Amino acid sequence: MSIGQALRLWITLETIMLPHQHLTLLMRWERGLALKQLISAVIKPGMRVLDAGTGTGVAALWAAQAGAEVVGVDRGDLEIATQMAKANGLAERVRFLQADLNELTPDLVGGRFDALIAMVYFNDARRDEAQSRLVHRLCENLLHPGAIRIPDQVVYTATLCEWPTQDLETRKNRLLAQQQTLEGYYDLQFWPLMNQMQHSPPPSWYPERGQDGMLQSADLRVLSPVWPAFNVNYEAPGKPYPTHWVVPVNADGLANAVLWAQALKYKDTLIFRNESISWCNPALKVSRGETISAALDAQWRAENTLRVSTHQLPFSRSFAP
Ligand SMILES: C[S@@+](CC[C@H](N)C(=O)[O-])C[C@H]1O[C@@H](n2cnc3c(N)ncnc32)[C@H](O)[C@@H]1O
């Protein structure tokens with residue numbers, strides 16, 4: 001297997017959700033009910049609807065209940081979705097197709113659609129860059145002009161934080177100590193394993209989530225307002241992410257983390273809000289009144305760590321929310 005094939009397999013396995021993960025997502029009532037209500041309001045009888053990343057098929061089934069002809073696509077197993085369609089008497093109106101959305105063509109799905117439901121996100125700005133590119137491609141290649149897109153906007157805001165239990169330096173030192181112990185006991189070099197640990201942080205490095213699905217942040221101190229980062233708009237052609245996030249500091253402290261919020265919206269109605277974290281590498285002492293810039297670069301994409309620096313230019317009013 002080539003490195004490229006191995007990488008694609010790893011990405012595929014990582015993006016396939018297990019039944020218990022679908023259940024956890026469905027238990028986020030505010031998300032499910034907002035989506036259900038929205039679909040019943042905007043999907044009309046006779047529409048052709050693509051449910052991209054259909055999972056258990058719930059959005060496809062709500063669209064079918066609204067009278068649409070639906071194609072639900074997912075690269076994960078679709079046995080549950082198929083059974084759900086039968087159990088709810090909607091099998092006639094929904095067709096499920098196991099495929100990678102990156103490889104869909106109009107021929108594979110019987111032509112273009114009047115509406116796209118694409119709840120394909122990891123709810124993390126960094127990992128969802130590729131998902132947004134994918135959704136833009138679906139909009140371009142598979143929709144009729146003027147088709148409905150759910151969501152039609154992904155809005156990212158972020159907050160600069162001092163978050164003692166999320167300190168990267170402490171973790172790196174712990175890894176270094178473990179590496180030295182391993183090398184001492186086993187008479188082997190262990191930096192390849194330790195480097196990899198930094199590139200793909202284990203789940204235990206991330207803050208836990210509360211009942212509401214948000215990150216638990218009891219020891220977090222905010223050093224900036226919640227500040228706009230960027231918007232993805234599916235009504236317009238795709239644009240790359242900005243290269244930097246620039247934010248005013250409103251409290252003194254050690255900036256070691258950025259708390260991201262992602263909002264999935266349709267015509268300014270919120271469908272779902274979720275949080276994720278990136279770590280500052282290295283942490284930076286900041287003072288109230290300064291402006292800080294975080295690089296959204298290859299390091300951030302690879303390791304989820306941000307290079308932060310004091311922004312040299314005077315703060316521009318155009319960044320105001
Ligand atoms: C967050 S789940 C949402 C499931 C369902 N739409 C819902 O709202 O409950 C995202 C789904 O998108 C699927 N997915 C993500 N990227 C995909 C791709 N490139 N091709 C096919 N399916 C994909 C995943 O397998 C997963 O089932």
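Remember, predicted model here, so these are calculated numbers, not experimental data. One-based numbering, in listed order, for ligands and for the atoms of each.
- Judged purely by distance below 3.5 Å, without hydrogens or angles, the side chains of R75 and N102 never pair a donor atom with an acceptor atom.
- The proximity of R31 to ligand 1, defined as any non-hydrogen pair under 4.0 Å, is limited to the side chain.
- Considering backbone and side-chain N/O of Q131, one or more are found under 3.5 Å from N/O of ligand 1.
- At a heavy-atom distance under 4.0 Å, only backbone atoms of A99 (N, CA, C or O) approach ligand 1.
- For R307, the side chain to side chain donor-acceptor pair (under 3.5 Å) partners two or more places apart in sequence, or in a different chain, are D297.
- At a 4.0 Å heavy-atom cut-off, ligand 1 does not touch F122 at all.
- Among pairs with a residue in residues 32-56, those fulfilling side-chain hydrogen bond (donor to acceptor under 3.5 Å, both in side chains) read D51-T54, at least two apart in sequence or across chains.
- Every atom of ligand 1 is numbered from 1 in the order shown, and the set under 4.0 Å from a heavy atom of Y121 is 1 (C).
- Aromatic pair H144/F113: ring centres not closer than 6.0 Å.
- If you look at V73 next to ligand 1, there are no close heavy atoms at all, none under 4.0 Å.
- A side-chain N or O of W279 and one of Q166 form a donor-acceptor pair less than 3.5 Å apart.
- No heavy atom of Q21 sits closer than 4.0 Å to any atom of ligand 1.
- Here atom 20 (N) of ligand 1 lies nearest to L101 when heavy atoms of L97, L101, N102, T54 are compared.
- Between the side chain of R31 and the main chain of L26, no donor-acceptor pair closer than 3.5 Å is present.
- Per-residue contacts place D100 under 4.0 angstrom from the following atoms of ligand 1 (heavy atoms of the residue considered): 18 (C), 19 (N), 20 (N).
- In this structure, A52 has no heavy atom closer than 4.0 Å to ligand 1.
- Contact analysis leaves T56 out of contact with ligand 1, as no non-hydrogen atom separation drops below 4.0 angstrom.
- In terms of modelled atom types and a separation under 3.5 Å, the side chain of N233 and the main chain of Q153 share no donor-acceptor contact.
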